[in-house]
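Report on the following structure.
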There are 2 protein chains.
Amino acid sequence: MAAREYGQYCGVTQALELVGERWALLIVRDLLVGPRRYGELAEGLPRIPSNILAARLKELQAAGILRRAPRSRVVVYELTPYGRELEPVVLALGAWGFKAMGDPRDEQVVTPDSMTMALRTAFRPAVAAELPATSYAARLGAAELLVRVDGARLDVSRGDGPVDLSFAAGPGIRRLISGELAPDRAISTGVVEVLHGRGDLLARFATTFHLAA
Amino acid sequence: MAAREYGQYCGVTQALELVGERWALLIVRDLLVGPRRYGELAEGLPRIPSNILAARLKELQAAGILRRAPRSRVVVYELTPYGRELEPVVLALGAWGFKAMGDPRDEQVVTPDSMTMALRTAFRPAVAAELPATSYAARLGAAELLVRVDGARLDVSRGDGPVDLSFAAGPGIRRLISGELAPDRAISTGVVEVLHGRGDLLARFATTFHLAA
DNA sequence: CCGTATCCGCTCAGATACTG
DNA sequence: CAGTATCTGAGCGGATACGG
């Protein structure tokens, strides 16, 4: 038996043998947002060594989690259906890890893909369904996201477009999502800066996206 | 920054920094069944080196996931409330990994705690609520479990007791849980051996515990 | 016996340089 | 741009030994 195997006949060990290696689930996290090129993955995971990225891509491909897909002259990596079924795992991990997050340290970055998945984690479709369709432009550190909520549907993209509320925030937005910081306080203390639109829509944002801390 | 950190301000990376190390989630998996002594954990994870087990217990304790609790002369390790919140993560991983499980290899063992969590993963409370309360004694490899289903409640323990159906099965029980193998076929082909009680209750068992493959 | 520490060999991760 | 090659060191696996 390979020394690195756990030696148990169990779904959890099987899963960990496929995606338990360092960086593997973070690659999956980013690919859950959409297909990505090698360089885009490297950009979204600034600290991953290139050889490790190459190795993980090979392993995840061999495990049937992702595939190399040719797209007009370039290759992108995209999840297979089985790989997409990891979304509940990533969301559960994200929700659990959220509670342990303190304030950000200087070296910590916020990437567009990680922020997108965080928004998906915090999204409350049942709540959103009761609210009018709303779109937001959120600038969070380096990540500039277009967030469209329409009923129970959520769409997060990197494009630009017309929005009801445009705001910029530091990573302190975490305390808005967790409910520790009221929307109006977030604005008055400068944690969130309203760039365009009605600031009171931030309350709707905070209701739509919520995670317990 | 510690070299081993991912350098991202994100719930998923935070979670992986706490429980992403090798063996960590398997320790959590077993503790989700109940408090365990050091030796019991080592027994449930036959291939873990003792130094790694000791190191993980320290790390998980420092992270607030488990605590050492004195119990009449001996120490047991038990999850904190925050540690118990990892249950959705472990269940999601188990359900996903289940689909990738083939037939067991010779070196792979089935432990009572991993089997208990697998049953929790496969349990369908909504289905069980419509069925009469039933208890099963399931011998699965080395694991001998008492499984009590009462309405939407599931209790799996290692004790013995009066049951409606007692059966023994090899790890081929996976195909029963996945629906690939019909209950009567499981019995007629010897995959499941009925030791005591009405064999037709195995169909109820297969309805109560189901995971897609 | 339970829990932990120490040793060593090895694999994998991390950093950098290099190539088609 | 998309990887591959190489080197170093950290963490893991396995055995053994030690203290309560």
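All of these numbers come straight from a predicted model, not from anything done at the bench. All values below come from the heavy atoms of this structure, side chains included, with hydrogens, waters and symmetry mates left out. Quick note on labels: first sequence line is chain A, next is B, and so on, each numbered from 1.
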Mind checking what makes side-chain contact (heavy atoms from CB on, under 4.5 Å) contact with [X], not counting sequence neighbours?
{"X": "B/V109", "value": "A/Q8, B/P46, B/T111"}
{"X": "A/A42", "value": "A/L53"}
{"X": "A/S135", "value": "A/R148, A/V163, A/D164"}

Return each pair, listed once, that meets side-chain hydrogen bond (donor to acceptor under 3.5 Å, both in side chains) where at least one residue sits in residues 35-45 of chain B; pairs must be two or more places apart or across chains.
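Listed once each, the pairs are B/R36-B/D113.
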
Heavy atoms only, 4.0 Å cut-off, all strands: where does B/V75 land among base, sugar-phosphate and nothing?
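Result for B/V75 = sugar-phosphate.
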
Residue pairs, two or more places apart or on separate chains, that pass ring pair (Phe, Tyr, Trp, His ring centres under 6.0 Å) and touch residues 41-75 of chain A
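Every candidate ring pair (Phe, Tyr, Trp, His ring centres under 6.0 Å) pair involving residues 41-75 of chain A fails, so no pair, neighbours aside, qualifies.
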
Would you call the rings of B/Y6 and A/W23 parallel, tilted or perpendicular, where under 30° means parallel and over 60° means perpendicular?
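Correct class here is perpendicular.
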
For the residue pair A/R29 and B/C10, what are the closest heavy atoms and their distance?
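Shortest heavy-atom separation between A/R29 and B/C10 comes out as NH1-SG, 3.1 Å.
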
Using the ring-ring contact (aromatic ring centres under 6.0 Å, His included) criterion, which residues pair with B/Y136? Sequence neighbours excluded.
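Checked B/Y136 against ring-ring contact (aromatic ring centres under 6.0 Å, His included); matches are B/F205.
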
Let's see if you get this right: which residues in residues 38-46 of chain A place a heavy atom under 4.0 Å from DNA chain D?
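Per residue number, the list reads A/Y38, A/G39.
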
Taking only residues at least two apart or on different chains, which pairs with a member in residues 75-88 of chain B satisfy salt bridge (charged side-chain N to carboxylate O under 4.0 Å, His left out)?
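Every salt bridge (charged side-chain N to carboxylate O under 4.0 Å, His left out) pair that includes a residue of residues 75-88 of chain B, provided the two are not neighbours, is A/K99-B/E85, B/R67-B/E78, B/R71-B/E78, B/E87-B/R120.
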
Any residue meeting salt bridge (Lys or Arg N to Asp or Glu O under 4.0 Å) with B/R185, in chain and number order, not counting sequence neighbours
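Here no residue qualifies.
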
Send over the distance from B/R56 CZ to C/dG3 C1', rounded to a whole Å.
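That distance rounds to 17 Å.
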
If you define the side chain from C-beta out and look only at heavy atoms, does anything of B/L25 sit under 4.5 Å from B/L93?
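Result yes, sub-4.5 Å side-chain heavy-atom pair found.
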
Is any side-chain heavy atom of B/F98 closer than 4.5 Å to a side-chain heavy atom of B/S178?
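In contact.
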
Taking any atom under 4.0 angstrom from a heavy atom of chain B, which nucleotides of DNA chain D are the first and last to qualify, 5' to 3'?
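Answer, 5' to 3': D/dG11 to D/dT16.
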
Going 5' to 3' through nucleotides 14-20 of chain C and flagging B where a protein heavy-atom sits under 4.0 Å of the base, S where only the sugar-phosphate is that close, and - otherwise, we get BBBB---

Electrostatic pair A/R174-A/E180, nearest N-O below 4.0 angstrom:
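Between A/E180 and A/R174 there is a salt bridge, with a charged N closer than 4.0 Å to a carboxylate O.
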
Hey, can you pull the residues of residues 60-71 of chain A with a non-hydrogen atom under 4.0 angstrom from DNA chain C?
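Heavy-atom cutoff 4.0 Å gives no residues at all.
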
